[in-house]
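Comments concern the structure below.
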Amino acid sequence: MIKQAIIPLAGLGTRLLPLTSVMPKELLPINGKPGLEYILDECISSGITEIIFIISNKKKIIKKYFYNDLFFKKIIKKKPNDKRIKNEFLKIKKLKKMIKFVYQNNPRGTGDAILKCEKHIKSNYFMILLPDDLIFKKNCSKEMIKIHKKYNSSVIASMKVEKKNVSRWGIFKLTKFNRDNFYINDVVEKPMINNAPSNYAVIGRYILSKKIFKILKKIKPKKNNELHITDAIRKLILNKDKFIGHVFSGKYLDCGTMKGYINSSIEISKL
Ligand code: G1P
């Protein structure tokens with residue numbers, strides 16, 4: 001059973017400057033609620049019970065958001081009839097019990113961040129959710145957990161993107177075996193249009209096996225001295241590990257860029 005999820009939150013959020021110069025992008029409100037809470041909602045309703053947040057000293061305020069009990073208690077004492085505040089506090093307290101914090105103080109990439117969680121992972125498989133990628137209407141994690149159970153494989157979420165945009169994403173080389181699922185034969189991180197093996201993109205939901213840690217320890221950092229999770233996944237695929245790509249049916253919103261972030265508030269308010 002997949003019960004643990006990792007959410008990497010140590011990134012600098014430069015695509016959302018100046019908003020992120022004082023505020024972590026994951027706490028920026030999207031239609032009145034921090035983006036991160038949408039990700040947590042997805043995790044919890046898919047059956048995940050333990051969540052590991054990777055933060056940094058610069059982003060300690062994310063921990064504070066969940067550990068501000070004294071502040072809430074004071075306010076609730078002053079306003080005992082305010083049900084909304086009470087309920088919000090109860091929700092945050094419930095979430096807090098499920099969250100562990102791990103630190104990545106140097107921005108050495110998602111691969112390095114994931115490696116820092118090794119000792120916390122108990123089962124053979126775990127989930128990773130990238131907080132820039134919001135998916136609504138259908139629970140993508142839940143769909144992926146079902147596929148993992150059926151095929152006993154690693155699973156990565158995917159979406160068809162326009163050919164002209166392939167260099168924004170990890171791109172799969174694939175063999176389709178039914179309408180929504182394919183075998184992943186390879187994955188290339190942010191290829192040029194001419195080198196893209198398809199236009200099926202990697203979206204930030206992964207079910208990976210513990211074997212990834214061993215590989216992450218062996219591979220070398222690349223661009224910007226970062227360890228890329230995609231490189232470790234490639235190695236596993238090369239070693240004949242089974243990886244399935246799942247074309248999810250929910251509505252995707254990219255809130256990691258300024259244009260996408262602005263658009264996501266508008267789209268969510270329409271749901
Ligand atoms: C990361 C992954 C990329 C994936 C994308 C999905 O890129 O490296 O393969 O397509 O997330 O959002 P980033 O958004 O961190 O540049």
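We count ligands from 1, going down the list as the structure has it; atoms in each ligand are counted the same way. Numbering starts at 1 and runs along the sequence shown. Predicted model only: the values in this text are computed from it and were never measured.
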D231 bridged to K235 by N-O distance under 4.0 Å: no

Min heavy-atom dist E226 to ligand 1 below 4.0 Å: no

W169 neighbourhood, listing ligand 1 atoms whose heavy-atom distance to it stays under 4.0 Å: 6 (C), 10 (O), 12 (O)

Residue and atom name of the nearest protein heavy atom (relative to atom 11 (O) of ligand 1), distance in Å to one decimal: L130 CD1, 3.4 Å

Atom 16 (O) of ligand 1 - nearest protein heavy atom and its distance: K190 NZ, 2.7 Å

Contact atoms of ligand 1, heavy-atom distance to G170 under 4.0 Å: 3 (C), 4 (C), 9 (O), 10 (O)

Identity and separation of the nearest protein heavy atom to atom 10 (O) of ligand 1: V202 O, 2.6 Å

Distance-only side-chain donor-acceptor flag, E143 / H246, under 3.5 Å: yes

Atom NZ of K137 with >12 non-hydrogen neighbours under 6.0 angstrom: no

Charged N-O contact under 4.0 Å between E50 and K122: yes

Heavy-atom side-chain contact between M127 and V155 under 4.5 Å: no

Distance flag, aromatic centroids of Y183 and Y151, threshold under 6.0 Å: no

Closest approach of any protein heavy atom to atom 12 (O) of ligand 1, naming residue and atom: D133 OD2, 2.8 Å

R168 heavy atom under 4.0 Å from ligand 1: yes

Nearest neighbour in protein (non-hydrogen) for atom 15 (O) of ligand 1: R15 NH2, 4.4 Å

Greater than 12 external heavy atoms within 6.0 Å of F71's CZ: no

Identity and distance of the protein heavy atom lying nearest atom 9 (O) of ligand 1: E189 OE1, 2.8 Å

